A.B. asks: 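Quick one: the structure is below, questions incoming.
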Amino acid sequence: MKQPNNTKIYHTALYMRLSRDDENYGDSVSIETQRTILQKFAHENGLHVFAEYVDDGWSGTNFERPSFQRMMDDVEAGKVNCIVTKDLSRFGREHVMMDYYLEFVFPEKQIRYIAVAENEDTEKGLSDFVPFKNLFNEWFAKDTSRKVKAALHAKFAAGQRTFTYAPLGYKRHPEIKNTLTIDEETKWIIEKIFDLAYHGAGAAKITRILIRDKVPTPGWLNYKRYGTFAHIYADAPQEKAYAWTVAAVKGILKDETYIGNSVHNKQTNISYKNKKKVRKPEEEWIRVENTHEAIISKEVFEQVQQQISSRRRTQKNGTTQIFAGLVKCADCGWSMAYGMNKQNKKPYGYYHCSNNGQGTGHCSMHYVRYDVLYTYVLSRIQYWTAQAQMDEQVLLTQLLQAGDKERSNAVKKQTTELKKAEKRKAEVDRLFAKMYEDWSAERITEYNFNMLSQKY
């Protein structure tokens with residue numbers, strides 16, 4: 001259909017989105033169904049399709065989707081002046097951001113927006129029900145998130161696993177859904193790693209041995225079997241297949257999967273809106289034992305864990321510092337790294353905060369000399385030894401009382417910090433609400449609003 005000469009030409013973006021949760025609702029919301037609806041609508045209404053933008057597997061509460069951002073970049077560049085989606089929820093499921101785009105961005109940039117299935121069109125004027133539809137869409141996302149978590153917890157409690165790829169050494173059970181079975185072709189790699197660790201090798205040494213012996217990595221094996229990660233391995237040199245990392249080896253050595261256990265709920269999203277992952281305390285983990293056949297015995301696994309926790313790095317001269325692995329930073333809690341100051345006439349050893357030394361800037365550069373620490377620790381050992389010899393029972397009572405006082409002080413400090421944080425949160429919420437009102441009333445510019453939003 002051709003546009004009449006006196007009508008505006010719309011360079012149209014057809015936007016499609018599908019989250020993993022949406023897949024449960026079948027073909028009605030599939031990308032192909034959305035594409036068919038949008039293409040038919042554009043053809044029947046004489047809209048010139050500039051491009052299609054597809055975000056497959058992205059939540060509507062996240063507006064940092066790659067194709068969505070690419071589309072908005074084209075809007076900023078003046079390439080697109082019309083956006084069409086199947087319905088409002090395909091554009092987004094967060095009512096504040098939806099209002100922001102519909103009420104501010106699109107009118108300011110003269111962008112026409114159409115939600116086909118709901119017959120909403122900014123050119124004709126949005127209906128009064130749009131804010132309520134956006135609220136419902138957000139509630140739907142929240143409710144879906146809650147139901148998904150409940151379903152996952154039920155699966156975890158039943159000993160089932162959810163995984164895209166089975167851990168190295170295992171494969172999907174051919175008959176029992178959500179269950180692992182040993183992969184005879186790759187379990188030798190796991191046995192080799194744990195055998196090296198059991199006989200004293202650290203993660204760094206094991207990594208060097210795996211690279212030297214050209215042992216294939218889990219990513220390479222998945223690529224050869226299923227064709228996944230082709231963007232990493234397709235044109236990569238042969239050495240990429242054996243590019244083991246210390247982090248990967250450590251992850252395997254600490255994984256209870258290899259003794260037949262399934263550990264879940266180790267991390268979670270900040271909220272149904274913010275998909276950033278945060279690690280949960282160990283007491284909240286869901287641990288189910290004997291869910292599948294073990295590759296490594298519990299005795300070997302526990303011995304390896306003890307060696308990892310007590311491992312001390314050997315110096316170049318073959319010696320090991322007596323405080324290695326024991327000295328922690330009082331400010332941030334990170335381990336203190338050992339170094340030598342050779343610039344003085346009399347060189348000396350010292351411990352410094354590794355959180356600063358790694359360039360993170362999360363802690364200041366402070367240190368304690370090895371000889372000072374040694375002298376202090378020795379004097380305290382001598383003092384407590386003398387106290388124990390004089391009256392062991394009195395010493396025990398003093399230590400218990402000191403521990404109770406320390407715990408009480410820690411609780412008080414945490415309570416105080418929590419109250420401060422809650423007060424600050426309430427203050428920021430109030431400021432953000434006031435700022436949003438100022439923006440809505442055009443008392444501040446969009447640039448200032450975005451800048452302050454990111455800051456708060």
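The figures that follow rest on heavy atoms only: side chains count, while hydrogens, waters and symmetry mates do not. Here the structure is a predicted model, which is why all the values come from computation and not from measurement.
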A.B. asks: So, do Phe104 and Asp99 sit near enough that their side-chain heavy atoms are less than 4.5 Å apart?
C.D. replies: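 Not in contact.
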A.B. asks: With the side chain counted from C-beta on, respond yes when Val49 and Gln39 share a heavy-atom pair under 4.5 Å apart, and no when they do not.
C.D. replies: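 The answer is no, as the side chains (C-beta and beyond) never meet within the 4.5 Å cut-off.
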A.B. asks: Any sub-3.5 Å donor-acceptor pair from Glu118's side-chain atoms to Leu88's backbone N or O?
C.D. replies: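 A pair under 3.5 Å: yes.
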A.B. asks: Can Arg65 be said to sit on top of Phe63's aromatic six-ring, NZ or CZ under 6.0 Å from centre and within 45° of the ring axis?
C.D. replies: yes
A.B. asks: Answer yes or no: are there more than 12 heavy-atom neighbours, outside Tyr367 itself, under 6.0 Å from its atom OH?
C.D. replies: no
A.B. asks: What closest approach, in Å, do Leu180 and His173 show between heavy atoms, and which atom pair accounts for it?
C.D. replies: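 Scanning both residues, the minimum pair turns out to be O-CD2, 4.2 Å.
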A.B. asks: What's the verdict on side chain to side chain contact (heavy atoms under 4.5 Å, CB included) for Val54 and Ile31, showing C-alpha distance, side-chain angles and the deciding distance?
C.D. replies: CA-CA 8 Å; Val54 181; Ile31 294 296; 3.8 Å; yes
A.B. asks: Indicate yes or no: at least one non-hydrogen side-chain atom of Val116 is less than 4.5 angstrom from one of Val84.
C.D. replies: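 Of all side-chain heavy-atom pairs linking Val84 with Val116, at least one is under 4.5 Å.
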A.B. asks: One pair to check against side chain to side chain contact (heavy atoms under 4.5 Å, CB included): Val249 and Leu253. What are the steps and the verdict?
C.D. replies: CA-CA 6 Å; Val249 172; Leu253 291 175; 4.0 Å; yes
A.B. asks: Evaluate the side-chain proximity of Leu221 to Thr217: yes if any heavy-atom separation is below 4.5 Å, no if none is.
C.D. replies: no
A.B. asks: For Tyr348, does the OH atom have more than 12 heavy-atom neighbours from other residues, nucleotides or ligands under 6.0 Å away?
C.D. replies: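 Count over threshold, so yes.
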A.B. asks: Is the distance from the ring center of Tyr370 to that of Tyr350 below 6.0 Å?
C.D. replies: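 Not close enough - the centres of the two rings lie 6.0 Å or further apart.
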A.B. asks: If you take all heavy atoms of Phe301 and Ile296, which pair is closest and at what distance?
C.D. replies: N-CG2, 4.1 Å
A.B. asks: Looking at Tyr15, Tyr53, Trp58, which hits side chain to side chain contact (heavy atoms under 4.5 Å, CB included) with Phe68?
C.D. replies: Tyr15
A.B. asks: Does a side-chain heavy-atom distance below 4.5 Å link Glu289 with Lys298?
C.D. replies: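 The answer is yes; the side chains approach within 4.5 Å.
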A.B. asks: Is there a side-chain contact between Met340 and Tyr338 (heavy atoms, below 4.5 Å)?
C.D. replies: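 They are in side-chain contact.
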A.B. asks: Hey, is Arg70 close enough to Asp73 for a salt bridge, meaning N to O under 4.0 Å?
C.D. replies: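 Salt bridge between Arg70 and Asp73, a charged N being under 4.0 Å from a carboxylate O: no.
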A.B. asks: Excluding sequence neighbours, so at least two apart, what forms salt bridge (charged side-chain N to carboxylate O under 4.0 Å, His left out) with Arg225?
C.D. replies: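 In terms of salt bridge (charged side-chain N to carboxylate O under 4.0 Å, His left out), with neighbours along the sequence ignored, Arg225 is linked to Asp183, Glu185.
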A.B. asks: Picking from Tyr226, Tyr233, Tyr242, what satisfies ring pair (Phe, Tyr, Trp, His ring centres under 6.0 Å) with Trp220?
C.D. replies: Tyr233
A.B. asks: Would you mind reporting whether Arg17 and Ser19 have side-chain heavy atoms less than 4.5 Å apart?
C.D. replies: yes
A.B. asks: Kindly give the heavy-atom pair with the smallest separation between Ser59 and Thr61, and that separation in Å.
C.D. replies: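 Heavy-atom minimum between the residues: OG-OG1, 2.8 Å.
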A.B. asks: If we ignore hydrogens and angles and just use 3.5 Å, is the side chain of Tyr170 paired with the main-chain N or O of Thr257 as donor and acceptor?
C.D. replies: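 Confirmed, Tyr170 side chain pairs with Thr257 backbone.
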A.B. asks: Can you find a side-chain donor-acceptor pair between Thr33 and Ser30 that sits under 3.5 Å?
C.D. replies: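 Looking only at side-chain atoms, Ser30 and Thr33 do form a donor-acceptor pair, the distance falling under 3.5 Å.
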A.B. asks: Rounded to the nearest 0.5 Å, how far apart are NZ of Lys420 and CD of Glu417?
C.D. replies: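 These two atoms lie 5.0 Å from each other.
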A.B. asks: Are the side chains of Leu196 and Lys205 in contact, using a 4.5 Å heavy-atom criterion?
C.D. replies: no
A.B. asks: Taking side chain to side chain contact (heavy atoms under 4.5 Å, CB included) as the test, write out the residues that go with Glu299, two or more places apart.
C.D. replies: Ser297
A.B. asks: Return the set of residues passing salt bridge (charged side-chain N to carboxylate O under 4.0 Å, His left out) with Lys250 (not counting sequence neighbours), or none when no residue passes.
C.D. replies: none
A.B. asks: Which residues pass the salt bridge (charged side-chain N to carboxylate O under 4.0 Å, His left out) test with Glu422, not counting sequence neighbours?
C.D. replies: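 Counting only residues at least two positions away or on another chain, Glu422 forms no salt bridge (charged side-chain N to carboxylate O under 4.0 Å, His left out).
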A.B. asks: If you look at every heavy atom in Ile252 and Phe194, which pair is closest and at what distance?
C.D. replies: O-CZ, 3.5 Å
A.B. asks: To the nearest 0.5 angstrom, please state how far the CD1 atom of Ile182 sits from the NZ atom of Lys187.
C.D. replies: 5.0 Å
A.B. asks: On a heavy-atom basis, which atom in Thr291 and which in Ser262 lie closest, and how many Å separate them?
C.D. replies: OG1-OG, 2.7 Å
A.B. asks: Checking side chain to side chain contact (heavy atoms under 4.5 Å, CB included) for the pair Tyr101/Tyr113: CA distance, chi angles, key distance, verdict?
C.D. replies: CA-CA 10 Å; Tyr101 280 103; Tyr113 170 72; over 6 Å; no
A.B. asks: Listed by chain and number, what are the salt bridge (charged side-chain N to carboxylate O under 4.0 Å, His left out) partners of Glu52, not counting sequence neighbours?
C.D. replies: Arg35
A.B. asks: In Å and rounded to the nearest 0.5 Å, what is the CG to CD distance from Leu18 to Gln34?
C.D. replies: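 One gets 6.5 Å once the value is rounded to the nearest 0.5 Å.
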A.B. asks: Drop me the distance from His199's NE2 to Ile206's CD1, to the nearest 0.5 angstrom.
C.D. replies: 12.0 Å
A.B. asks: Roughly how far, to the nearest 0.5 Å, is CG of Asp55 from CE of Met71?
C.D. replies: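 Spacing of CE (Met71) from CG (Asp55) equals 8.5 Å.
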A.B. asks: How far apart are the C-alpha atoms of Trp384 and Leu395, what are their side-chain angles, what is the distance that settles it, and do they pass the side chain to side chain contact (heavy atoms under 4.5 Å, CB included) test?
C.D. replies: CA-CA 8 Å; Trp384 290 114; Leu395 175 61; 3.0 Å; yes
A.B. asks: What residues, two or more places apart in sequence or in another chain, satisfy side chain to side chain contact (heavy atoms under 4.5 Å, CB included) together with Val215?
C.D. replies: Trp188, Ile189, Lys192, Leu210, Asp213, Trp244
A.B. asks: Give a yes or no on whether a salt bridge exists between Glu120 and Lys133, defined as a side-chain N under 4.0 angstrom from a carboxylate O.
C.D. replies: yes
A.B. asks: As a quick check of understanding, evaluate ring-ring contact (aromatic ring centres under 6.0 Å, His included) for Phe91 and Tyr100, giving each step before the final call.
C.D. replies: CA-CA 12 Å; Phe91 190 86; Tyr100 167 62; over 10 Å; no
A.B. asks: State whether the side chain of Asp371 and the backbone N or O of Tyr374 hold a donor-acceptor pair below 3.5 Å, judged by distance alone.
C.D. replies: no
A.B. asks: So, does Gln307 use its side chain to make a donor-acceptor pair with the main chain of Ala197 at under 3.5 Å?
C.D. replies: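 Looks like yes, one N/O pair under 3.5 Å.
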A.B. asks: When rounded to the nearest 0.5 angstrom, what distance separates NZ in Lys86 from CG in Leu14?
C.D. replies: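 Between Lys86 NZ and Leu14 CG, I get 14.5 Å after rounding to 0.5 Å.
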A.B. asks: Of all the heavy-atom pairs spanning Leu38 and Thr85, show the shortest one and how long it is.
C.D. replies: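 Reported closest heavy-atom pair: CD2-C, 3.5 Å.
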